[in-house]
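Please read the structure below before turning to the comments.
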Amino acid sequence: MSPGTATAGPAMGPELAADHGLSRDEWNRILEILGREPTFAELGVFSAMWSEHCSYKSSKPLLRTLPTEGEAVVQGPGENAGVVDVGGGWGLAFKIESHNHPSAVEPYQGAATGSGGILRDVFTMGARPVALFDSLRFGALDSPRSRYLLDGVVRGVGDYGNCVGIPTVGGETVFDPVYERNPLVNVMCLGLVRLDRLTRAGTGAPGNVVLTVGSRTGRDGIHGAAFASEELGEETADSRPQVQVGDPFTEKLLLEATLELIERDLVVGVQDMGAAGLTSSATEMAERAGAGIEIDTARVPVRETGMTPYEILLSESQERMLVVTEPGGEDAVREVLEKWELGSAVIGKVTDDGLFRVRHDGEVVAEIPLTPLVGEPPMVTYEAREDEAVGRLRGRDLTDAAELGSDQEARDALLALLDAPSVASKRWIWEQYDTTVGTNTVVRPGSDAAILRLAGTPRGIAASVDGNGRYVHLSPRRGAAIAVAEAARNVACSGARPLAVTNCLNFGSPRKPAVYHQLREAVAGIGEACRALGTPVTGGNVSLYNETPAGPIHPTPVIGMVGVLDDVTARVPSAFQAPGDEVVLVGTSREELGGSEYLRTVHGLVAGEPPALDLEEAAALVAFLVEAAGRGLLRSAHDVSDGGLAVALTECAILAEGGPVGVETELAGDGVSAAALLFGESQSRAALSCAPGDLEPLLELAGRRGVAAARAGRVGPRGGPIRIAAAGRTAAVDAPEAASVYDRALPRRMEHEAGLTT
C-alpha cells in the first residue's frame, strides 16, 4: 500500500494548514511527500510532529553544537531521558522539561501534569524515580494573578509528587514582572536504574505487537504540542481544553507496572504518550528503530463517545504509555497490567515499510512516510540580531548605584535583599512538598544542592537547578554560561563531583530576530561552559513562544546539574556549623553590579554588564571544592550568587545548624566599592567555613589549585550580630532579625491572598 491510498476526507488547503500552524512551504512539502492532499487526520499529524514543540525546527541545528559525550555518559540526547554512570553498576536517569503554557492557563493541572510527564520519561528507561526538582518563574508577588499562579503551581507540583510517592527535594523560584502573564514551570526528575536493565524506546522487529497501557483516551490536551508552539494571547483562558488533567494514583500504578514489565523482560520498548500523544509515541518509536508502524484508532480505549481518529491521535490525556512486545507476549503483559489494575489494548503492529499507517475500523485514514515526518522534519534558521535597546541597557552607567552613603544604607540594602522574594527563604513552597518519602533524602531543600543516598552503597547523588534570566537578557552567551557554572558550583559546594547536565531553554518567539539571537548565543554559552567544566549535555527540552502581547519573557535557560559523591558521609552543608569556626572567602570580587539582584531590588534597574566569567577559574574552583570536601577540610560551603557576599554570609549564619549564629567578616578588594563588595555578584566565589585547625591546609590547597582564598572572619555566637564590613561601610543586623525577614518574606505576601482568583 502506498502513501497515496489513504482516504482523502474533507478538502484540505493551505488555509486550513495555516490554522494548524503550518506554513505554506510546509504545506507544499506535505503535498510533495504524500503525492496528494493530506487527509484531515494526516494534517493533524503533520501539525503536531512539525510543531516547534515536537520537531525543534529552529533549535535543533543549534543544539547539535552542544557536547554530548563524556566518560560517565551512558545515554545522551535522543531518548526519553539521559543516563550517566554513577558507579557500582548503577545509572542515573535524569531530564528536565517545561509545562509553561498549560500552567499559565490552569496552574494546578498544568504543573501537576508536567510532573507526571517527566516521571514517565524517566521510568520508561527502566529507572525508578527517586526525586523531583522544580524551577519556577512568576511575576511580582504584589500582583494577585502572580499569587494565584504561585499557589496553583506549588499545589500541583506538591500534590502530584506526594501522591505518587516521589520527594521534591530541590529547586529554585524567581519573581520578576516579565513573567507576569507567562510563568515558567520546569520540572526535573532523577531516577536510578541498574545499567544492565536500562531500556530504550524502540519498536524492535517487524511483527512485534503494539499496545496502549494505562488511562483511557479523552479529548483533553488535543493540540497541546501546537498550543505550546504559539504565543499566549488575551484569549488564553479559552485554551483550557488543551490542558491535560492528571491522575497521580493511576501514575503510581503505571510506574510500578512498567518497571515490572521491564524487569521481567516482557517488553521490547516503552514510550510515554506525551506531547502529541499517540502520534508522537508511535512515530518516534518506529522511526528510531528504522521500522514502520500500523495502528487502528478504533481499538484505542476511549472515555468519550464519538471520538474521531484525529482526536484519538492528538489527544494528550495523561497516564498513558505505548508498549511494544514480541508476538505471543500480549497475555503476559496483560497479566501484569491487570495485577496493577490497569487497562490495555492491542492496537497495532510493527511493520517493515517505514510508514505510519492509521486505520479506523479497517479504513486507512493516514499513511505517512516516517523519515520525513520524524527523522527529517523541516528545519528553520531565523534572522538573528540583538535588540539595540538591550545594548543600551548593558552600557548604562551604574556609578550612582555603587554609592553607599552610610552604614544604615548598607543595612537597609541587606534587609531589602533578604526580603526580596527571589532571594528569601522558599520554605513556604517546599514545606508543601514531601521531601523525604523514600528515606533516601540526605540534604533537603534550602541548601546549594540536594543530596540523595544511593541505597546499598556508600555513594550519594547531588543535583541542582539554576538559571538567571536577567543575565541572559543583558548578555545571552555569558548569562547562559554563568547558569552552567553556578549549577556546577552548587553541586561542588556539597562535595560532589559534577557529571553532566540537562537543560530547559525557555525563550520567546524565535521568529523575532532579537529572540533568535538570544537563543543562538545562549546555546553557544552553554556549550562553552559544559566543555570547560567537563559536564556534557545528556538531553533536555526547548520551550519557545513564551510571550504575550506585553512582550517576551527574559530568556531563561535552566540548567539541571547532577554529580556524585563517592562517600555520602563526606557531604558538606551550606550553612555554618559551629561558633568559632573560621570563615574563608574564595574567588575574586570585582567592581560588578550589572544584572544583580541588588540593582533590581534596591534601584529598580535591570541594566549593566553582567559579571565576567572566566571558565578556567570556574573549573579550578569546582576541583578545589571537591578535593577540600574529600579531605574533610570544610565545615560548610555556600555558593555566592544572587545578592552577593553579604547575602551569602547572612544565609550561612541564619540557616546554621541549631539556629541563627552571628558572623564578623571583613571583605577585601582593591579599588572595589562597598556596594560591589557587599552585593556584587562576581562569579566563581564561595563562602566557606572550617575548623580553626584546618585553616592553613585549606588555604594551602587553594593556592595549589590556583584559587584565590583568604580568611575573612569568624563565626559568632548563637543569636549574635551579623557584621559584614567592606570598604568603609558595614552592613550590621542581629541574626534573629535577619532570619525573621528572610523566613517571612513569602508567607507575608501570600497570607492576605483570600479567595484566589484569576
When you look at E617 and R590, which way does the salt bridge (Lys or Arg N to Asp or Glu O under 4.0 Å) test go after all the steps? CA-CA 14 Å; E617 283 185 4; R590 302 177 175 89; 3.1 Å; yes
Working for side chain to side chain contact (heavy atoms under 4.5 Å, CB included), residues L688 and C690: CA-CA 7 Å; L688 316 178; C690 67; over 6 Å; no
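- The closest side-chain donor-acceptor pair between S574 and D448 falls under 3.5 angstrom.
- A side chain to side chain contact (heavy atoms under 4.5 Å, CB included) with L190 is found for one member of L132, V122, I166, L452 and no other, namely L452.
- Between F624 and L698 there is a side-chain heavy-atom pair separated by less than 4.5 Å.
- Residues N468 and I482 form no side-chain contact, since every pair of their non-hydrogen atoms from C-beta on lies 4.5 Å or further apart.
- A donor atom on one side chain and an acceptor atom on the other are found under 3.5 Å apart for S682 and E592.
- Heavy atoms only, all atoms of each residue included: Y742 and V423 are closest at CE1-O, 3.5 Å.
- For H554, the ring-ring contact (aromatic ring centres under 6.0 Å, His included) test picks out H473, with sequence neighbours left out.
- Side-chain contact, R685 with S589: a donor N or O sits under 3.5 Å from an acceptor N or O.
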Trace of the side chain to side chain contact (heavy atoms under 4.5 Å, CB included) decision for L621 with R705: CA-CA 8 Å; L621 176 59; R705 283 287 186 179; over 6 Å; no
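- Looking only at side-chain heavy atoms (C-beta outward), N541 and Y56 come within less than 4.5 Å of each other.
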Cut-off 3.5 Å, no hydrogens considered: what does the side-chain donor-acceptor table look like for residues 518-533, sequence neighbours left out?
{"residue": "E521", "atom": "OE1", "partner": "R477", "partner atom": "NE", "Å": "3.0"}
{"residue": "E521", "atom": "OE1", "partner": "R477", "partner atom": "NH2", "Å": "3.3"}
{"residue": "E521", "atom": "OE2", "partner": "R477", "partner atom": "NH2", "Å": "3.4"}
{"residue": "E528", "atom": "OE2", "partner": "R477", "partner atom": "NH1", "Å": "2.7"}
{"residue": "R531", "atom": "NH1", "partner": "G527", "partner atom": "O", "Å": "3.2"}
{"residue": "R531", "atom": "NH2", "partner": "T65", "partner atom": "O", "Å": "2.5"}

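- Take T601 and apply the side chain to side chain donor-acceptor pair (under 3.5 Å) test, not counting sequence neighbours, and it matches E597.
- Looking at I262 and F123, their side chains never come closer than 4.5 Å, going by heavy atoms from C-beta outward.
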Decide side chain to side chain contact (heavy atoms under 4.5 Å, CB included) for V515 and Y545; before the verdict, give the C-alpha distance in whole Å, the side-chain angles of both, and the deciding distance to 0.1 Å. CA-CA 10 Å; V515 173; Y545 297 97; over 6 Å; no
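- Checking N506 against N100 by side-chain atom types alone, a donor-acceptor pair falls below 3.5 Å.
- By the neighbour-count criterion of 12 heavy atoms within 6.0 Å, atom CD of E431 is densely surrounded, having more than that number from other residues, nucleotides or ligands.
- Put simply, the side chain of L192 reaches to within 4.5 Å of the side chain of L92, judged on heavy atoms.
- With respect to E52 and K60, no salt bridge is recorded, no charged nitrogen being found less than 4.0 Å from a carboxylate O.
- A side-chain donor-acceptor contact under 3.5 Å links T556 and Y179.
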Would M125 and L198 satisfy side chain to side chain contact (heavy atoms under 4.5 Å, CB included), going step by step from the backbone distance to the final call? CA-CA 6 Å; M125 303 294 292; L198 181 61; 4.0 Å; yes
Quick one: do E172 and K426 satisfy salt bridge (Lys or Arg N to Asp or Glu O under 4.0 Å)? Show the steps, please. CA-CA 8 Å; E172 58 164 3; K426 306 306 186 295; over 6 Å; no
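- The pair R497-D566 meets the salt-bridge criterion, since a charged nitrogen lies less than 4.0 angstrom from a carboxylate oxygen.
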